[in-house]
Amino acid sequence: MSVAVRFVAADRRGSIRKARRAAWEAATGSFLLFAGGAIIPVALFLLLSGQLALVASLIASGLGLALIGAGTSLFTDRSSLFSAMRQFLIGLAAAAVTYGTGAIVGVSLG
């Protein structure tokens, strides 16, 4: 086997290892950020109760979504207001689907 063929083969093996490592790093980072973002609204239910917990959780979640949306505007050509509202509305839609599913199944707070 020529030196060039061995070099290319070794380079490809290294690239595959790097790609696998990068995928695991991305997955781990995504999981940690998702879990970290979920702590705030859930923690409010541990600290407060009833409607107060619900309202506090909704406000904290909405504010967090808007801030994340505004932050993503740093990487796009969109305005921070557009990105904040877009993220907020997507989160609101997800919350409505979740609430609706819970209502259909018969789950309630309190």
Side-chain angles (χ1 to χ4, degrees):
M1 189 182 305
S2 72
V3 174
V5 171
R6 281 185 286 183
F7 176 77
V8 169
D11 181 53
R12 287 191 180 164
R13 282 193 303 270
S15 295
I16 291 170
R17 280 191 212 111
K18 288 179 187 174
R20 285 184 183 151
R21 186 175 60 217
W24 276 102
E25 289 173 357
T28 302
S30 177
F31 171 76
L32 292 174
L33 289 171
F34 180 81
I39 287 173
I40 294 171
V42 172
L44 292 170
F45 278 97
L46 297 174
L47 299 173
L48 304 170
S49 62
Q51 293 293 353
L52 181 60
L54 179 62
V55 171
S57 180
L58 288 172
I59 291 170
S61 297
L63 185 61
L65 286 166
L67 289 173
I68 294 295
T72 61
S73 71
L74 299 173
F75 306 103
T76 65
D77 291 333
R78 305 279 186 175
S79 72
S80 58
L81 179 61
F82 174 85
S83 296
M85 288 304 298
R86 178 178 173 264
Q87 189 71 25
F88 178 78
L89 291 174
I90 290 170
L92 183 64
V97 168
T98 303
Y99 180 83
T101 303
I104 290 170
V105 173
V107 177
S108 64
L109 291 174

Check: Can you list the other members of the hydrophobic cluster that holds Leu89, where links are side-chain heavy atoms under 4.5 angstrom apart?
Finding: Phe88, Leu92

Checklist line | Listed partners of Leu63 passing side chain to side chain contact (heavy atoms under 4.5 Å, CB included), at least two apart | finding: Leu67

Next item on the list: Drop me the distance from Arg86's CZ to Leu65's CG, to the nearest 0.5 angstrom.
Entry: 12.0 Å

Item checked: Hydrophobic cluster of Ile59, others only, ordered by chain and residue number, side-chain cut-off 4.5 Å -> Val55

Next item on the list: List in chain and number order the residues that pass side chain to side chain contact (heavy atoms under 4.5 Å, CB included) with Tyr99, two or more places apart in sequence or in another chain; answer none if no residue qualifies.
Entry: none

Note to self: Under 4.5 Å side-chain heavy-atom separation, chaining through any Ile, Leu, Val, Met, Phe, Trp or Tyr, what else clusters with Val42? Say none if it is isolated.
What the structure shows: none

Item checked: Approximate separation, where rounding is to 0.5 Å, of Met85 CE and Ser79 OG -> 11.0 Å

Next item on the list: Would you give the length of the straight line joining atom CD1 of Ile39 to atom CG of Leu46, rounded to the nearest 0.5 angstrom?
Entry: 10.5 Å

Item checked: Pairing residues for Ser30 by the side chain to side chain contact (heavy atoms under 4.5 Å, CB included) criterion, not counting sequence neighbours -> none

Item checked: Shared-cluster residues of Leu32, by chain and number - hydrophobic side chains joined below 4.5 Å -> Phe31

Next item on the list: Answer yes or no: does atom CG of Leu48 have more than 12 heavy-atom neighbours from other residues, nucleotides or ligands under 6.0 Å?
Entry: yes

Checklist line | Within-4.5 Å side-chain heavy-atom neighbours: Ser61 and Ile40 | finding: no

Next item on the list: Please name all residues satisfying side chain to side chain contact (heavy atoms under 4.5 Å, CB included) with Ala70, sequence neighbours left out, ordered by chain then number.
Entry: Ser80, Ala84

Notebook entry, point to check: Looking only at heavy atoms, which two atoms of Leu44 and Ala60 are closest? And how far apart?
Noted result: CD1-CB, 3.7 Å

Next item on the list: Before giving the answer on side chain to side chain contact (heavy atoms under 4.5 Å, CB included), spell out for Phe45 and Ser57 the whole-Å C-alpha distance, their side-chain angles and the decisive distance to 0.1 Å.
Entry: CA-CA 7 Å; Phe45 278 97; Ser57 180; 3.6 Å; yes

Check: Where is the tightest heavy-atom contact between Gly69 and Gln87, given as atom of each residue plus distance?
Finding: CA-CB, 3.7 Å

